[in-house]
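In what follows, a structure is listed as structure tokens, so that the remarks can point back to it.
Please read all numbers here as calculations on a predicted model, not as lab measurements. The analysis underlying the following values was restricted to heavy atoms, covering all of them including side chains, and did not include hydrogens, waters or symmetry mates.
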Amino acid sequence: MSGSPESIGRYRIEGVLGRGAMGVIYRAHDPEIDRRVAIKLIRADLLDGKERAEYLERFRREAQAAGRCSHPNIVAVYDFAMHGGNPFLAMEFVDGISLGQAYERGTNFTVTDAIALMQQILGALGAAHATGVVHRDIKPANILLASGNFVKVTDFGISRVGGAGLTQAGALIGTPSYMSPEQCRGEVVDGRSDLFSAGVVFYEMLAGQRPFPGRSFEEVWHRLMHEAPADITTLNAGVSAALKRVVGRALAKTADARFASAAEMAAALTAAAGEGVVDEATVIRPMPAPVSGSAFDAAVVSTIERTLTQYVGPIAHVLVQSAIRRVDSIEALSASLAGSITRAGERELFIAEVNRQFGGGVTQQRPAVAAVRQLEISAAERARVQTELTRYIGPVANVLVQREMAKAESVADLWDRLARRIEREDERRAFLGKRGLCGRP
């Protein structure tokens, strides 16, 4: 494995994206679906006996955990298999750099940028926690930034799947500077541990330094367990009191004192952003509400925000509120917001949807049209069909489900319409076989 293989499974290798002690990540091409992917190949051949068997089982759990997490801000896992006795994952290829690499290049983030990035991270964590997956290693290296600062959280390789039995209490796994106190103690952790790690990442984006710095694990551990971080408002005058409270609660020493969920932390962050927004010059000024007499009225803003949420998740609120301060027409607004959508095809879908809703190129005086008819379907069934479709076409599934729900006459018709989006006949049949009682025999 000293040189790059020509292929791994059905995937043709194009180059190396990164190397680590236990494996390599390759850039590759999937000829079956004609798309670029990232291949994570693990050097399990360096292990032997019981250690190898346990690691292979852990890696299989990684594939299962990551496959259960379907969200626009999570790197999608497409495939899991073996190559030369070593396991590999085929994952969504993200054309960008990690947050850690951005720091190395000297990138600084405004408070507005930091909030936008953190909202996306919380959206990813919320989706993972809802499936019983705790990431356990949230850090800048595992936060990828695509164009427009669109976040993709990756590396669920050490996540703890509920009931998996592989990551037990006493197993110290993670990166010390970003670990929660309970994780440092080797205790069983839940989603609130990830929120602590997210709080560390957020503090670092805002302050330009980690909240618990140190030259050794012992020094970091002591500060993390016993000391409060430096007052963030003394390190960045643009951080409001409300935002400081959000950071402080996320970094609470005990899990019970933190936010109960990613959604709760995201809501607190949105509320704090509404109290004061910092521009590029880090001067605090209140965020103007979309009122009559401004460029857009509240109904228009609400409709566009709901549409954008289908593509980028809850960060849509922050993006829309920022954009409406810079443009004065719906055409310009949709073009500006489309830049936050990673995939070109999805950007076009978003612009087309806004144009269809408002007629295209009109100003706020045109009243918002009624919402598009949506198929009545339970949240559980929608999640099920989206999860199954994601297995075959990746994260664009959430967009297609939303689109087809506006056209489908029944749940069975929805499954049929979505099946047409899958190229291979055998995969279409497998997909339709999952609809169960909702479909036709």
Side-chain angles (χ1 to χ4, degrees), residues 69-75 94 96 98-99 102 107 109-130 135 138-140 142-154 191-192 194-207 232 236 238-240 242-251 258-279 287 301-302 304-325 336-342 350 395 398:
C69 300
S70 175
H71 189 272
N73 295 119
I74 294 178
V75 172
V94 179
S98 72
L99 181 59
T107 302
F109 297 99
T110 65
V111 173
T112 301
D113 287 337
I115 292 173
L117 294 174
M118 185 50 53
Q119 287 282 23
Q120 296 178 77
I121 294 168
L122 292 172
L125 290 177
H129 296 168
H135 189 287
I138 292 296
K139 59 183 179 181
N142 287 335
I143 298 168
L144 306 183
L145 305 178
S147 61
N149 277 349
F150 188 82
V151 167
K152 289 283 188 177
V153 179
T154 189
R192 293 170 296 179
D194 281 346
L195 299 186
F196 182 94
S197 300
V200 175
V201 170
F202 192 37
Y203 182 104
E204 187 173 7
M205 281 194 285
L206 293 170
I232 195 170
N236 185 342
V239 175
S240 67
L243 201 55
K244 175 183 174 180
R245 289 193 295 270
V246 173
V247 175
R249 186 173 175 187
L251 295 179
R258 296 177 209 139
F259 296 99
S261 67
E264 183 181 350
M265 183 172 170
L269 195 55
T270 298
E275 292 189 24
V277 174
V278 179
D279 63 14
M287 177 180 288
V301 172
S302 178
I304 292 178
E305 184 177 315
R306 286 197 303 272
T307 303
L308 184 63
T309 298
Q310 301 168 18
Y311 299 89
V312 303
I315 188 59
H317 174 77
V318 175
L319 296 175
V320 171
Q321 291 296 320
S322 177
I324 61 176
R325 300 158 58 192
S336 175
L337 294 172
S340 64
I341 301 174
T342 304
F350 169 74
N398 70 310

Within a strict 4.5 Å, meaning less than it, do heavy atoms of the Leu251 and Phe196 side chains meet?
yes

Does Leu144 reach the side chain of Phe150, with side-chain heavy atoms less than 4.5 Å apart?
no

Between the side chain of His135 and the main-chain N/O of Thr154, is any donor-acceptor distance below 3.5 Å?
yes

Heavy-atom side-chain contact between Leu269 and Phe202 under 4.5 Å:
yes

Could you tell me whether the side chain of Gln120 and the main chain of Lys152 form a donor-acceptor pair under 3.5 Å?
no

Look up atom CG in Leu122 and atom CE in Met265, then write down how far apart they are to the nearest 0.5 Å.
5.0 Å

Would you call Phe109 and Leu99 a side-chain contact if the rule is heavy atoms closer than 4.5 Å?
yes

Pick out which of Ile74, Ile138, Asn73 makes a side chain to side chain contact (heavy atoms under 4.5 Å, CB included) with Leu125.
Ile138

Approximate separation, where rounding is to 0.5 Å, of Thr307 OG1 and Leu337 CG
10.0 Å

Atom pair CG/CG of Asp113 and Leu206 - distance to nearest 0.5 Å:
10.5 Å

Does the side chain of Ile115 come within less than 4.5 Å of Leu243's, by heavy atoms?
yes

First locate atom CD1 of Ile143, then atom OG of Ser98, and finally report the distance between them rounded to the nearest 0.5 Å.
9.0 Å

d(Asp194 CG, Arg258 CZ) to nearest 0.5 Å is 10.0 Å

